[in-house]
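Worksheet: the structure to be examined is printed underneath.
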Amino acid sequence: MSEASVHAGEAARIVGVHPLAGFDKLLHYKVPAHLCEDLQVGALVRVPVGPRLALGIIGEESSPVDFPVERLKSVVQIIHPFPALPADLLKLAKWMSSYYAAPLESIIETMIPGPVRSGLGIKEEKLLSVATLLDDEALAKLATRAPQQARLYGFISTQIKPVPKALALSRLKVTAAIVAQLVKKGILRETAQRVERIAYGDDLAESAHISSTPPTLTAEQAVVVSDLALRLGKQDFDVSLLHGVTGSGKTEVYLRAIDIALKQGGGVIFLVPEIALTPQTVARLRTRLGAIAPGHQCVVWHHHLSEGERLDGWLALAKGEARVVVGARSAIFAPVRDLRLIVVDEEHEPAYKQDETPRYHGRDVAVMRAKYCGAMCLLGSATPSLESYANALAGRYGLLQLTKRIDNCRLPDIEIVDMRIEVAKQRGLTTLSRKLVDAMHARFERREQTILFINRRGYSSAMQCRKCGHTEECPHCSITMTYHRSDETLRCHLCGHQRGAPSRCPACGSPEIKWRGLGTQRVEEAVRRVLPKARIERMDADTMSKRHRFRELLGEFRTGKIDILVGTQMIGKGLDFPNVTLVGLIDADISMHVPDFRANERTFQLLVQVAGRAGRGDRAGEVVVQTFTPQSEAVQFSRHADFLGFSQHELTLRKQFGYPPYRHLIHHLFRGTNPEKLAFVSDQWAKLVEKALGDRVELRGPSACPIEKIKDEYRWQLWYFCGSVTKIIPELVRLRDAFPWPEGVSQVIDVDPSNLA
Ligand code: ADP
Ligand code: ZN
Ligand code: ZN
C-alpha cells in the first residue's frame with residue numbers, strides 16, 4: 001500500500017455490499033485504510049444500515065454512480081480475513097435467488113452458518129499444570145491451611161499432561177477462586193490452548209468393521225473409474241450420472257473419483273440425503289479417506305454439530321486445512337477451496353429438497369455450483385430420478401453404469417403377494433401374509449435376519465366406527481389421527497396434536513371401533529404373535545428420538561442380537577448387512593395412492609431400494625412385497641429391478657401429460673384462516689397471472705390443497721407448468737410483490753416442488 005493512501009481514517013477503497021438487512025440491494029461503503037489489507041470480495045463484514053449495524057457480504061469493488069463518495073458510510077468490521085462467500089458461491093446465491101424466487105438475503109443466511117455469521121470466537125481451553133513443585137513439608141502446610149488448594153495441587157501434580165481447567169474444577173468440585181489462589185502463589189500455571197472441535201474427532205462405532213485398504217476393482221468398476229478419470233482430467237464442468245444397481249459398489253467408485261480430485265489438488269463435497277441415517281456410508285468414507293489422503297481430514301457436516309464444531313469445520317475448509325466435506329443438503333454451500341468434485345449419493349432422494357425458504361434442491365444446486373467452479377458433479381443412484389435420467393438420455397449428462405452386484409451376487413427377485421387373495425383366504429384384513437410368515441419362520445430357524453418395512457409409524461392410520469362410519473380427524477388439520485397403542489393416544493402427524501384414544505365412537509357411542517391402515521406398532525405386534533421367541537425391535541421416528549439409539553440398534557442388529565427389525569423407510573438407507581436374507585414390505589400401496597405425479601416413481605424407488613437390502617452377503621436374498629394392486633407398473637417393474645423398463649414407461653406418461661422432466665412445475669400455496677377470502681384472493685391472483693403470463697405458462701387451479709387445513713390454516717394452491725423457470729419467475733415475482741395481498745393471507749412459491757401431497 002502506498003504512503004499516500006494511508007491517511008488515518010480515510011477511505012482507501014469503495015465496495016458494494018449485500019447487506020443482510022431485510023432487502024435485496026447493493027449498498028456502497030468506504031473501507032477504512034486499516035481494514036484494506038483484509039479486503040476481499042466475498043468477505044463477511046459489518047456495516048451501518050440506517051441506525052443499526054448489519055452483516056453484509058462484499059459483492060464487488062465498485063463506486064456508486066449516483067451518490068457522492070464523500071458521504072458514504074464506512075465498513076465497521078471485516079469478520080473473517082478471507083471470503084466467507086467465494087466468488088462461485090456468490091454467483092450461486094444470485095442464481096438461486098432468481099431461480100427459486102427467494103430473497104438473496106435468505107440464501108446468504110443459508111449458505112453461511114450461524115456461528116460464522118455471528119463472528120463467534122475461536123474456542124480456547126484453559127489448561128492447568130504445576131509451576132513449582134512443593135516438597136512434603138510445604139504440601140503438609142498447605143494441607144492444613146488450605147485443604148482444597150492442596151487437593152487440587154495433588155491432583156494436578158500426579159497427571160502427566162496439563163489438565164483442562166474445567167475438568168479439574170468439576171472432578172474435584174473446587175471453585176475457580178481456588179485455582180486463582182494457587183496461580184497467584186506461583187504453584188500452578190494456567191495456559192490456553194486452541195481446541196479443535198471439528199466433528200471428525202467424533203468416532204463412529206461403525207468404523208471398526210471397515211477396512212482402509214482399497215479392494216481390487218471389478219471389471220465394470222474399472223471401466224467406470226477410467227471414464228471418470230478422463231472426465232476429471234479435463235478439469236472442466238461435467239455432470240455424470242452413475243446408475244448402479246444396489247450392491248454394485250458405487251461407493252468404491254466415488255472413493256476413486258475423490259482420490260483423483262484430491263491428487264489434482266482439488267477439494268471435494270460429498271452429499272448424502274440424511275447424514276444421521278447413513279452412518280455406514282460416512283464411516284466408510286472417513287476410514288478410506290484417511291488412507292487416501294493422510295493429513296487431509298474430512299469434515300463431517302450435520303445438524304447435531306455444536307456451534308463451535310460448525311465454526312471450526314467451516315474454518316478448516318475455508319482456509320484449505322480440510323479439503324473434503326461430507327454432509328447433507330446444506331454441505332453444498334461449504335466453502336471448499338478449488339472445488340473439483342461434487343458427489344451426490346442417492347441423487348433421487350426427496351430429502352435433497354428443502355421444504356422451507358429458500359426451497360432449493362440440493363442436487364440441482366450441486367450441478368449449478370459445479371458449473372460455476374468448472375468442477376465435476378457426479379450423481380449416483382440405483383434408481384435415478386427421471387429428471388437426471390432424462391438429462392443423461394439427452395446427452396446433457398454423461399451416463400455411467402454398473403449392472404452387476406459385487407461378486408455377481410444375484411439381485412433378489414421380488415415376490416409379490418396379492419393381499420386381495422390373502423384377505424379372502426384368511427377372512428378379514430391381515431397384516432402378515434402366509435408367505436411372509438413362513439419365510440420369517442425359516443429365517444429364524446436358520447439364524448438369519450429379517451427386515452420388515454412399513455412406511456407409517458404408529459399403530460394404525462385411522463379409527464373408524466363400524467356402526468356409523470365416523471373417522472376421527474385432527475381438529476386443526478384435515479387428516480385422520482394416527483393411533484399409537486404404546487401410550488393409547490391418537491396423534492396428528494402433521495401438527496402433533498394428541499388426545500387419549502377413545503374406547504367408544506365419539507359420534508355415536510358405539511364400542512365397535514375398527515382400526516384401519518397399518519403402522520409400525522401394529523406390524524411389530526403381529527410379528528410378536530407369530531414369532532414369540534424372536535428378538536424383535538422397532539425403528540421409527542418414535543423409538544429413535546434418542547440421539548444415539550439409532551447407532552446402538554444398528555450395532556445390535558449387526559452383531560446378531562436382533563432377529564427381526566421392523567421400521568419405516570428411515571432404516572432403508574445405505575444399510576449393508578450380510579446376514580439379512582429376507583426383506584418384507586408390508587404395504588406397498590401407502591406410497592402409491594397419493595395425489596402426486598411422482599407416486600409411481602417413489603413407489604418403484606422404494607421397492608428397489610428396499611429389496612436392495614437383502615442378500616448382500618454370500619447367501620441369496622428373498623424379498624416379499626404385500627400389495628392390493630399387484631398389477632401396477634411400479635410393482636411389476638420393480639420385480640426385477642427393471643429401471644430401464646420402468647423409466648421408459650413412466651417417461652412416456654410424463655411426456656403425454658407434460659409433467660417433469662418435460663416441463664417444470666411451480667407450486668404456489670396460499671394460506672389463511674378464512675377459506676372464502678382465500679378462495680377469492682387466489683382466484684383474483686390467478687386471473688392476473690393468466691393475463692400477464694398466459695402465453696408462457698399453463699395454469700392449473702386455483703383449488704383447495706389435498707390436505708385443506710393444517711394447524712387451523714386453510715390452504716389453496718395454484719400450479720404453473722412451464723418450459724423454462726427463468727423465463728417465468730422474474731415476472732411472477734414482480735407481479736407478486738405488487739399484488740395487494742390482503743391481511744391474513746400468506747403465500748409461498750415453490751419451484752420444482754418434490755412433495756406434492
Ligand atoms: P452400492 O452403494 O452400489 O449399493 P456398495 O458400495 O455398498 O454398493 O458396495 C457393496 C459391497 O461391496 C460393500 O460391502 C463394498 O465394500 C463391497 N465392494 C465394493 N467394491 C468392491 C470390490 N471391488 N471388491 C470387493 N468388494 C467390493
Ligand atoms: Zn359411531
Ligand atoms: Zn393436526
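Start at 1 with the first residue, then count along the sequence. Whatever order the structure lists ligands and atoms in, that order sets their numbers, starting from 1.
When heavy-atom distances to ligand 1 are checked against a 4.0 Å cut-off, Arg405 has no atom that comes that close, whether in backbone or side chain. Contact annotation for Ile406 and ligand 1: only side-chain heavy atoms (C-beta onward) come within less than 4.0 Å of the ligand.
With 2.8 Å as the limit, Cys474 counts as an N, O or S neighbour of the Zn ion (ligand 3). Contact annotation: Cys492 places an N, O or S atom under 2.8 Å from the Zn ion (ligand 3). In summary, an N, O or S atom of Cys505 is located under 2.8 Å from the Zn ion (ligand 2).
Shown in contact with Thr216 at under 4.0 Å from a heavy atom are these atoms of ligand 1, numbered in order with element: 22 (C), 23 (N), 24 (N). The distance from ligand 1 to the heavy atoms of Thr218 drops below 4.0 Å at these ligand atoms: 23 (N). Here is the list of ligand 1 atoms found below 4.0 Å of a heavy atom in Val245: 3 (O). Taking every heavy atom of Thr246 and a limit of under 4.0 angstrom, the matching atoms of ligand 1 come to 4 (O).
In terms of polar-atom proximity, defined here as any N/O pair under 3.5 Å, Gly249 does make such a contact with ligand 1. Backbone and side-chain nitrogen or oxygen atoms of Gln221 are examined, and one is located within less than 3.5 angstrom of a nitrogen or oxygen of ligand 1.
Going from atom CZ of Arg256 over to atom OG of Ser226 covers 12.0 Å, rounded to the nearest 0.5 Å.
Of the candidates Pro214, Gly247, Ala382, Gly380, Gly247 brings a heavy atom nearest to atom 1 (P) of ligand 1.
Applying the 6.0 Å contact sphere to NZ of Lys709 captures more than 12 heavy atoms from other residues, nucleotides or ligands. Residue Lys353 qualifies as enclosed at atom NZ: its count of foreign heavy atoms under 6.0 Å is above 12. Within 6.0 Å of atom CD in Glu512, 12 or fewer heavy atoms from other residues, nucleotides or ligands are found, so the atom counts as exposed in its surroundings.
Using bins of under 30°, 30° to 60° and over 60° for the plane-to-plane angle, the ring pair Phe643/His243 lands in the tilted bin.
The closest donor-acceptor contact from the side chain of Glu601 to the backbone of Ser385 lies at 3.5 Å or more, if one exists at all.
The existence of a salt bridge linking Lys561 and Glu537 is excluded, since no basic side-chain nitrogen approaches an acidic carboxylate oxygen closer than 4.0 Å. The residues Glu347 and Arg363 are annotated as salt-bridged, a charged nitrogen and a carboxylate oxygen being separated by less than 4.0 angstrom. Using a cutoff of 4.0 Å between basic side-chain nitrogens and carboxylate oxygens, Arg598 and Glu387 are scored as salt-bridged.
When rounded to 10 degrees, the angle formed at the Zn ion (ligand 2) by SG (Cys508) and SG (Cys468) equals 110°.
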